[in-house]
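Computed from a prediction, not measured in an experiment: that's the story for all the values here.
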Amino acid sequence: MSNQFDLAVIGAGAAGMMCAAVASQRGKRVVLIDHATRLAEKIRISGGGRCNFTNLHAGPNNFLSENPHFCKSALSRYTPQDFLSLMKRYQIAWHEKHKGQLFCDDSAEDIIRMLKAECDAGKVDWRMGCKVDDVQQQEQGGFLLQTSAGIIRTAQVVIACGGLSIPKIGATDFAHKVARQFGLKIIEPRPALVPLTFDAKAWEPFVPLSGISLEVDIETGEKKSRTVFREDLLFTHRGLSGPAVLQISSFWEPGKAIRINLLPEVDVAEDLVGNKSTIKKNLANHLSQYLPARLVDGLLTAHGFAGDARVADMPDKRLRLLGEKLNRWELIPNGSEGYRKAEVTRGGVDTRELSQQSMMANKVPGLYFIGEAVDVTGWLGGYNFQWAWASGTAAGLAI
């Protein structure tokens, strides 16, 4: 088995397979290395097993980075339509679920099989269950990789082994270690797209609401840093989850508040105070026309309101306070569920260290970083896969 290649891609996930396929089909001799024995587990479990493989609306504004302009080049050169064209060649059926989010009709396995077939079409050399112990730059040019399967010599290296999210399927900090080894700056990694947690005692009044889901506006930050999403919120025994919380978690800063509007289409204070004289129902019955009765009862109890109070008899000040609790419920999370439950890692290799055209490290010719290893983090909804396809293609074309 030869150990001499034009390119070694470390990490056989979404970005890595995409890069290997593109480079190999352009005539490069490529080896694809992964420490896992099972291919692309993160693709397999994504989207409930159906892989939310892209978003029709994916653009630079859907990504977070210390250097927000960096992602523009790759995203503009490989779009969701380009990926759909690839899927069409393999006759993979898909559907739009919500807000441009695209899923496989059948299974995430379809995407894995397609990417593997694309790599095989370029005669990629696979090294699965192979651990890379060291990456050394050679004085005469190129790199030497010390691996559990022996030494590999390669002209160029792509680091595509992701971030720290979901360690149980093999996530490691290998990409960050290599970047630091070569003197590249790292933007501090943190869990993103992750459920937020709350103090158990403070959350106790809301535990009975577990299982209730509804569409809300959720926000964090102030003025220019204020970020708002309208998504579904899920009450759990431990706190809040659902797409709304996953989205806002990427923007939330520890110690800061999140604010939730449980009734985005209704100004509760205005409704209660303005119609006070004509509302014949008690408070719980009146609010139950807008929200599930169990949620109304639980929220009123938790916030210290009597559900059987007649709206007409309540002071305006109390009604306005209730309006504030429902339209601008402010909570301070005490943390998140961490990398164990995080869908992605925010932060990573500082993009100012990389070429936005090729993804190559500016001061280490031949060394590239792509996908989740890089400080480019997409919203929930297929955006991170689109970054994997786009950054992988950008590097594959540049090799």
Practice task
Verify side chain to side chain contact (heavy atoms under 4.5 Å, CB included) between His286 and Asn275, making sure each step is shown before the conclusion.
Solution key: CA-CA 11 Å; His286 179 73; Asn275 300 309; 6.0 Å; no
Enter the distance from [X]:[atom1] to [Y]:[atom2] here, rounded to the nearest 0.5 Å.
| X | Y | atom1 | atom2 | result |
| --- | --- | --- | --- | --- |
| Arg230 | Ile218 | CZ | CD1 | 13.0 Å |
| Thr377 | Glu66 | OG1 | CD | 10.5 Å |
| Asp110 | Gln91 | CG | CD | 11.5 Å |
| Tyr368 | Ser358 | OH | OG | 5.5 Å |
| Cys19 | Met359 | SG | CE | 10.0 Å |
| Ile248 | Arg259 | CD1 | CZ | 9.0 Å |

Count I, L, V, M, F, W, Y as connected when their side-chain heavy atoms are under 4.5 Å apart, and connections chain through other members. Are [X] and [Y] then in the same cluster?
| X | Y | answer |
| --- | --- | --- |
| Met128 | Leu145 | yes |
| Leu7 | Ile159 | yes |
| Val245 | Leu64 | yes |
| Leu397 | Ile399 | no |
| Ile279 | Met314 | yes |

Would you name the heavy atoms of [X] and [Y] that are closest together and state the gap between them?
| X | Y | value |
| --- | --- | --- |
| Phe229 | Thr227 | CE1-CG2, 3.7 Å |
| Lys325 | Leu262 | O-CD1, 4.4 Å |
| Ile111 | Cys104 | CG1-SG, 3.5 Å |
| Ile187 | Asp350 | CD1-OD2, 3.6 Å |
| Ser24 | Cys119 | OG-O, 4.1 Å |
| Ile370 | Ala15 | CD1-O, 3.4 Å |

Check whether any side-chain heavy atom of [X] sits under 4.5 Å from a side-chain heavy atom of [Y], and report yes or no.
| X | Y | result |
| --- | --- | --- |
| Met114 | Phe83 | yes |
| Leu322 | Leu283 | yes |
| Val31 | Thr154 | no |
| Glu337 | Pro191 | no |

Exercise for the section: For the residue pair Phe235 and Trp329, categorise the inter-ring angle as parallel (less than 30°), tilted (30 to 60°) or perpendicular (more than 60°). Expected result: parallel
Practice task
Take Leu380 and Gln101, measure what side chain to side chain contact (heavy atoms under 4.5 Å, CB included) needs, and give me the verdict at the end.
Solution key: CA-CA 9 Å; Leu380 181 73; Gln101 298 172 15; 5.6 Å; no
Other residues, nucleotides, ligands: >12 heavy atoms within 6.0 Å of [X] [atom1]:
| X | atom1 | result |
| --- | --- | --- |
| His98 | NE2 | yes |
| Arg29 | CZ | yes |
| Gln357 | CD | yes |
| Arg294 | CZ | yes |
| Glu139 | CD | no |

Problem - Test applied, side-chain contact (heavy atoms from CB on, under 4.5 Å); reference residue, Met17; option that passes from Leu39, Asp34, Val9, Val22 - result: Leu39
Handout entry: Val268 vs Tyr290, side chain to side chain contact (heavy atoms under 4.5 Å, CB included): CA-CA, chis, key distance, verdict
Key = CA-CA 10 Å; Val268 176; Tyr290 303 124; 5.9 Å; no
Handout entry: Residues Lys168 and Glu41 bridged, charged N to O under 4.0 Å
Key = no
Kindly say whether [Y] contributes a backbone atom to a donor-acceptor pair with the side chain of [X] at under 3.5 angstrom?
| X | Y | value |
| --- | --- | --- |
| Tyr339 | Val344 | no |
| His35 | Gly170 | yes |
| Arg26 | Gly396 | yes |

Exercise for the section: Kindly write out the residues that satisfy side chain to side chain donor-acceptor pair (under 3.5 Å) with Asp134, not counting sequence neighbours, or none if the list is empty. Expected result: Gln136
Practice task
Could you go through the side chain to side chain contact (heavy atoms under 4.5 Å, CB included) check for Glu372 and Asn384 one step at a time?
Solution key: CA-CA 8 Å; Glu372 197 182 337; Asn384 287 292; over 6 Å; no
In a table with atom names and distances, give each donor-acceptor pair under 3.5 Å that connects a side chain of residues 192-210 to protein atoms at least two apart or in another chain.
residue : atom : partner : partner atom : Å
Thr197  : OG1  : Asn334  : OD1          : 2.8
Thr197  : OG1  : Gly335  : O            : 3.2
Asp199  : OD2  : Lys201  : N            : 3.3
Asp199  : OD2  : Ala202  : N            : 2.9
Trp203  : NE1  : Thr236  : O            : 3.2

Problem - Aromatic ring proximity Phe385/Trp389, centre distance under 6.0 Å - result: yes
